[in-house]
Structure formats: structure tokens, C-alpha cells
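Keep in mind it's a predicted model, so treat the numbers as computed, not measured. Each chain gets a letter, A, B and so on, in the order its sequence line appears, and its residues count up from 1.
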Amino acid sequence: AQKVTQAQTEISVVEKEDVTLDCVYETRDTTYYLFWYKQPPSGELVFLIRRNSFDEQNEISGRYSWNFQKSTSSFNFTITASQVVDSAVYFCSSSQGGSEKLVFGKGTKLTVNP
Amino acid sequence: KAGVTQTPRYLIKTRGQQVTLSCSPISGHRSVSWYQQTPGQGLQFLFEYFSETQRNKGNFPGRFSGRQFSNSRSEMNVSTLELGDSALYLCASSYWGREGEKLFFGSGTQLSVL
């Protein structure tokens with residue numbers, strides 16, 4: 001069975017600080033996908049990124065970057081120069097290849113203070 | 001394109017009643033999945049439908065059921081409501097695009113059971 005662990009329950013930073021959200025996953029599948037979602041107070045889960053198990057390339061999208069390391073089963077998410085609008089709960093999740101059944105971590109609540 | 005639409009946004013029911021939640025996927029999406037979100041258990045997969053067929057099911061009792069119509073709209077039903085069913089119910093629709101599968105979530109239905 002798949003499992004996703006987000007050890008950080010809450011993080012509080014001051015605007016413009018960099019912050020890294022940790023995600024560790026467990027799976028026995030050779031083909032799997034990893035995701036990050038953002039949940040603002042409105043409740044909707046906003047898709048941020050999807051990675052498949054064969055692509056360990058790190059990715060940067062604006063102030064967001066992701067570090068995927070199979071050797072440590074980690075898929076960490078870094079926000080550079082954080083902004084107040086980044087305040088939300090962030091979820092890491094995984095799925096088996098070809099399945100829409102996502103297994104989510106418990107989420108990390110990020111608060112960015114002005 | 002309109003996003004995933006869930007109705008109603010809020011619902012209050014009493015124990016023993018039943019409830020039906022509705023989800024309209026993004027136009028062109030044929031797959032719909034449902035998730036339950038509670039403070040204690042986090043986000044948990046309920047079921048997934050594709051072309052009116054249930055393709056995957058999570059570990060929930062038989063009181064939770066769903067269906068999908070020919071226009072891809074989906075409903076989920078919970079019978080004999082219990083206090084523990086109070087949760088945010090999220091629906092997601094998906095397609096297989098150039099970057100692979102992406103799930104797009106609605107804002108959810110907040111169900112309170114009194």
C-alpha cells in the first residue's frame with residue numbers, strides 16, 4: 001500500500017523567506033506518480049505539479065521548485081521569496097500508475113506573515 | 001472552460017437521514033473521483049468513475065455509494081448518516097493530457113451531520 005508522510009504540520013515564516021515543505025512517500029510500485037496540491041481557505045485543491053517515477057529531474061516554476069529523489073523517497077517543495085498569498089495548506093500525494101486513487105499526506109499548513 | 005462544479009456548497013443533515021451530492025466535471029473530462037476530507041483522517045479516496053462504471057473504490061462502508069451519468073456528471077449518496085460523516089466532500093475530474101493525468105478538484109460540499 002502507498003503511504004505519504006508530511007512531517008511538518010504547521011510552518012510559519014515571514015514574507016520573503018524561503019521555505020521547504022517535506023514529503024516522504026512509500027510504495028512498492030515501480031510506476032507511480034507524485035503530486036503537490038495547494039488548498040486555500042476556499043477549500044478547492046489547486047494542482048501544482050505532477051511527477052512520474054521515471055523522471056527525477058527537478059523542476060522550477062517561478063518561485064516554486066521541486067526536488068524529487070528516489071534514493072530517499074522524497075519529493076520536497078520549496079517556495080522562494082514567500083508571499084502572503086502563499087498561505088494555505090499544501091498536500092503531497094501519490095498514485096499508482098494508471099489509477100486516479102490518490103493517497104494524500106496529512107498536509108502542511110503554511111502561514112506567511114507580512 | 002468552467003471548473004469542476006459541486007452542489008450544494010453547504011449542507012446540514014441530521015443523523016439517520018440520507019444525502020446526495022452532485023458533481024459536474026470539466027467539459028470533456030470523462031473520469032470523476034470523490035474524496036472525503038476530515039480534520040482527523042485527512043483526505044481519503046472514496047471512489048472513481050469512468051464512463052459510468054465504478055473503476056476503483058476506497059475503504060468506506062456500503063452506506064457510501066455513487067454513480068456517473070452518460071454526460072459524465074456524478075452523484076454520491078450517503079445513507080443513514082452518522083455524526084462521523086461530517087466532512088468536506090471533494091470531487092475531482094480528470095483527462096489524460098500531454099503531461100499525463102491531472103486531477104482538477106471542485107470547491108467541495110461541506111456536510112454537517114447533527
Side-chain angles (χ1 to χ4, degrees), chain A residues 1-10 21 23-25 27 29 31-57 59 61 66 68 75 88-109, chain B residues 2-6 8-10 23 25-26 29-51 53-60 66 68 74 87-111:
Chain A
Q2 295 187 323
K3 183 179 177 182
V4 176
T5 302
Q6 294 179 256
Q8 304 149 309
T9 305
E10 291 193 45
L21 309 182
C23 173
V24 174
Y25 63 93
T27 181
D29 301 306
T31 303
Y32 54 90
Y33 299 91
L34 301 170
F35 304 80
W36 275 95
Y37 282 89
K38 173 183 179 180
Q39 188 175 44
S42 60
E44 179 180 350
L45 282 168
V46 179
F47 171 88
L48 295 177
I49 191 170
R50 172 190 180 277
R51 260 284 174 267
N52 71 54
S53 51
F54 300 108
D55 183 3
E56 278 193 83
Q57 265 192 327
E59 179 154 341
S61 177
W66 291 269
F68 176 25
F75 187 43
V89 180
Y90 291 85
F91 290 94
C92 179
S93 65
S94 70
S95 72
Q96 294 173 300
S99 169
E100 286 192 21
K101 178 181 177 180
L102 294 183
V103 174
F104 284 88
K106 294 293 188 184
T108 297
K109 182 179 181 181
Chain B
V4 178
T5 304
Q6 291 188 248
R9 186 71 177 92
Y10 301 95
C23 172
I26 292 172
H29 288 195
R30 294 172 63 190
S31 184
V32 172
S33 49
W34 289 88
Y35 290 80
Q36 180 197 63
Q37 185 176 21
T38 60
Q41 298 300 315
L43 279 154
Q44 292 184 289
F45 172 80
L46 280 159
F47 25 64
E48 172 199 344
Y49 288 87
F50 180 82
S51 293
T53 301
Q54 187 179 86
R55 202 157 64 167
N56 214 337
K57 191 177 190 306
N59 296 324
F60 279 82
Q68 187 181 31
S74 177
L88 178 66
Y89 290 88
L90 291 162
C91 167
S93 73
S94 68
Y95 72 100
W96 280 92
R98 181 178 62 85
E99 297 173 11
E101 187 170 17
K102 290 183 182 180
L103 266 67
F104 295 87
F105 285 82
S107 296
T109 294
Q110 184 67 55
L111 172 65

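Heavy-atom distances place the side chain of B:Gln37, and not its backbone, under 4.5 Å from chain A. Using a 4.5 Å cut-off between heavy atoms, B:Tyr35 contacts chain A through its side chain alone, with no backbone atom that close. Residue B:Leu43 touches chain A through both its backbone and its side chain, counting heavy-atom pairs closer than 4.5 Å.
Contact record, B:Ser107 with A:Glu44: OG-OE1, 3.6 Å, taken as the closest heavy-atom pair.
To the nearest 0.5 Å, atoms CD (B:Gln44) and NZ (A:Lys101) are separated by 10.0 Å.
Contact count versus chain A (heavy atoms, under 4.5 Å) is highest, among B:Gly58, B:Gly106, B:Ala92, for B:Gly106.
Taking the six-membered ring where tryptophan is involved, the planes of B:Phe104 and A:Phe47 are tilted, since the angle between them lies from 30° to 60°.
Counting heavy-atom neighbours within 6.0 Å of A:Lys109 NZ, excluding the residue itself, gives a total of 12 or less. Other residues, nucleotides and ligands place no more than 12 heavy atoms under 6.0 Å from the NZ atom of A:Lys3.
A heavy-atom distance below 4.5 Å is found between the side chains of B:Leu103 and A:Tyr37.
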